[in-house]
There are 2 protein chains.
Amino acid sequence: MAVTTTYHKEDLRADLLRVGHAYVAASGHEGLSVRKLAAHAGVSPGAPYHHFPDKRTFLLAMAKEGFDELWERGSAIRAQAGSPIEVLTELAYAFFAFQAEKPRLVDLMYESELTRPIIDPLIVTEQLRAYALLRGAIEDAIPGMADGEARARTVAFWSAIYGYASLVGKGLLQPLASDGETSFQTWRDALVRQTVAAAILENTSDFKR
Amino acid sequence: MAVTTTYHKEDLRADLLRVGHAYVAASGHEGLSVRKLAAHAGVSPGAPYHHFPDKRTFLLAMAKEGFDELWERGSAIRAQAGSPIEVLTELAYAFFAFQAEKPRLVDLMYESELTRPIIDPLIVTEQLRAYALLRGAIEDAIPGMADGEARARTVAFWSAIYGYASLVGKGLLQPLASDGETSFQTWRDALVRQTVAAAILENTSDFKR
DNA sequence: CTCGTAATCTGATCACTGCTTAGATCATAT
DNA sequence: ATATGATCTAAGCAGTGATCAGATTACGAG
């Protein structure tokens, strides 16, 4: 006879995450509904609730996969240890690359119902881990900094990198380029050079009170 | 006999915007529904659709009021003309102040269904106006820059300011401060000083290709 | 091999959402 | 006074997140 369609799925949880990532990559997290998700996974509308208590929890699971991948890329860069300047530069470009590859996933991670009106604790945790990575790279360049200075330098670095990637993600920077990709790369390279330099300059006078 | 309740409202459109701003300020744009809006304005669920074709259009009208206020504050700062360093510094702090006063409105303006998955043309327009303001302030400091350099400096400046404000708005920076407001202000001041300095330094070597 | 238990899935249902539409009400100009 | 057009109500549509009773299946204990 015909192939018996399984009633119990192989691993519905993993299927849902797979389907979810595909949907988000294609259309963003805004239009994603539990019903569409279930339909794409070939399952009834209520089934996903046996694997995730909430829609929010499901989105959080997807976001976590994104943060994990980002973390792996970042810690790999730091592990293969070049000079501090090289490490910071590569970290910046790695974030831009991730944002370019999966812009809609980055939206989910940083700008979604998971971050508004109040941010989810898990995302705060992920962010602290990334903060520690950046701070470590900066402290490699300037050993023995006071706590406040290290914080200020890390925050300034991350603000510029995140801000730029975020604006690019919104499509708020391309329209300014009349000469296309060329100048687009030029700003980015200049911004990275500036930001890395500012994070690493030995002159600490700006941070003393 | 009793007071005749008016059937036609005085100015429902303005009332809706007022009510909308109050709701967003209190709870954010996420939970705002046309029905709640109508109820708060004392009107039937379908009434708002005679003044705004869409929910999106309504949100856009609210966002535009925010951009207009921001623009007025910014152009006032530039009009009262101090040194370029003072102007850029005050512009940065003005944006932080606006974000601190109306964080939920800033969410609506920069991180909402109006900016995702694709950004609304009106917001791009508003952003270009603000970009021109910043660029002008930077060009006051360094006259006669090449186009690419002016762009790169402006983009880098705006990226850092926006990125920092955005992270603060998400509550992603406070948790890092163990000593409260003091160090919080310290990072911010250091970031502004760094960013303004980088935007204005005469050394153009970083921008030549 | 049987059978009970727990996990999984279906299908119906609830309150809520954005939006549409027919018809009632009102202001205003002629 | 009356007609025109703007405004509003009330009902209803499809789609949403979430719940739940009952059907189906896997699996371990006897």
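Protein chains get the first letters and strands the later ones, always in sequence-line order, with residue 1 at the start of each. This one's a predicted model, so the numbers in the text were calculated from it and none came from an experiment.
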Contacting residues from residues 15-29 of chain A, given that a heavy atom lies under 4.0 angstrom of DNA chain D: none
Starting at atom [atom1] of [X], determine the distance to atom [atom2] of [N], rounded to an integer number of angstrom.
{"X": "A:Arg56", "N": "D:dT16", "atom1": "CZ", "atom2": "C1'", "result": "17 Å"}
{"X": "A:Asp11", "N": "C:dA7", "atom1": "CG", "atom2": "P", "result": "16 Å"}
{"X": "A:Asp54", "N": "D:dT16", "atom1": "CG", "atom2": "P", "result": "17 Å"}
{"X": "B:Leu12", "N": "C:dC26", "atom1": "CG", "atom2": "P", "result": "16 Å"}
{"X": "B:Tyr49", "N": "D:dT9", "atom1": "OH", "atom2": "P", "result": "14 Å"}
{"X": "B:Leu60", "N": "C:dG18", "atom1": "CG", "atom2": "P", "result": "16 Å"}
{"X": "B:Leu59", "N": "C:dG18", "atom1": "CG", "atom2": "P", "result": "9 Å"}
{"X": "A:Phe52", "N": "C:dT8", "atom1": "CZ", "atom2": "P", "result": "12 Å"}

Applying side chain to side chain donor-acceptor pair (under 3.5 Å), can you list everything that pairs with [X], at least two apart in sequence or on another chain?
{"X": "A:Glu126", "answer": "A:Lys64, A:Arg129"}
{"X": "B:His51", "answer": "none"}
{"X": "A:Glu30", "answer": "B:Arg116"}
{"X": "A:Ser166", "answer": "A:Glu111"}

Is there a side-chain contact between A:His51 and the phosphate of C:dC9, meaning an N or O under 4.0 Å from OP1 or OP2? yes
Check A:Lys102 with A:Glu65, please: is the shortest side-chain N to carboxylate O separation under 4.0 Å? no
Annotated protein contacts, base or backbone, on nucleotides 11-17 of chain C with a non-hydrogen cut-off under 4.0 Å, one of B, S, - each: --B---B
Specify whether A:Tyr110 and A:Trp158 have parallel, tilted or perpendicular ring planes, treating 30° as the upper limit for parallel and 60° as the lower limit for perpendicular. tilted
Pairs touching residues 35-61 of chain A that satisfy salt bridge (Lys or Arg N to Asp or Glu O under 4.0 Å), sequence neighbours left out: A:Arg56-A:Asp120
Distance-only criterion, 3.5 Å: show the donor-acceptor pairs between side-chain atoms of residues 84-95 of chain A and protein atoms not counting sequence neighbours.
from, atom 1, to, atom 2, distance (Å)
A:Glu86, OE1, A:Ser83, N, 3.3
A:Thr89, OG1, A:Ile85, O, 2.7
A:Tyr93, OH, A:Asp189, OD1, 2.5

Just to verify, what does A:Tyr23 make a ring pair (Phe, Tyr, Trp, His ring centres under 6.0 Å) with, not counting sequence neighbours? none
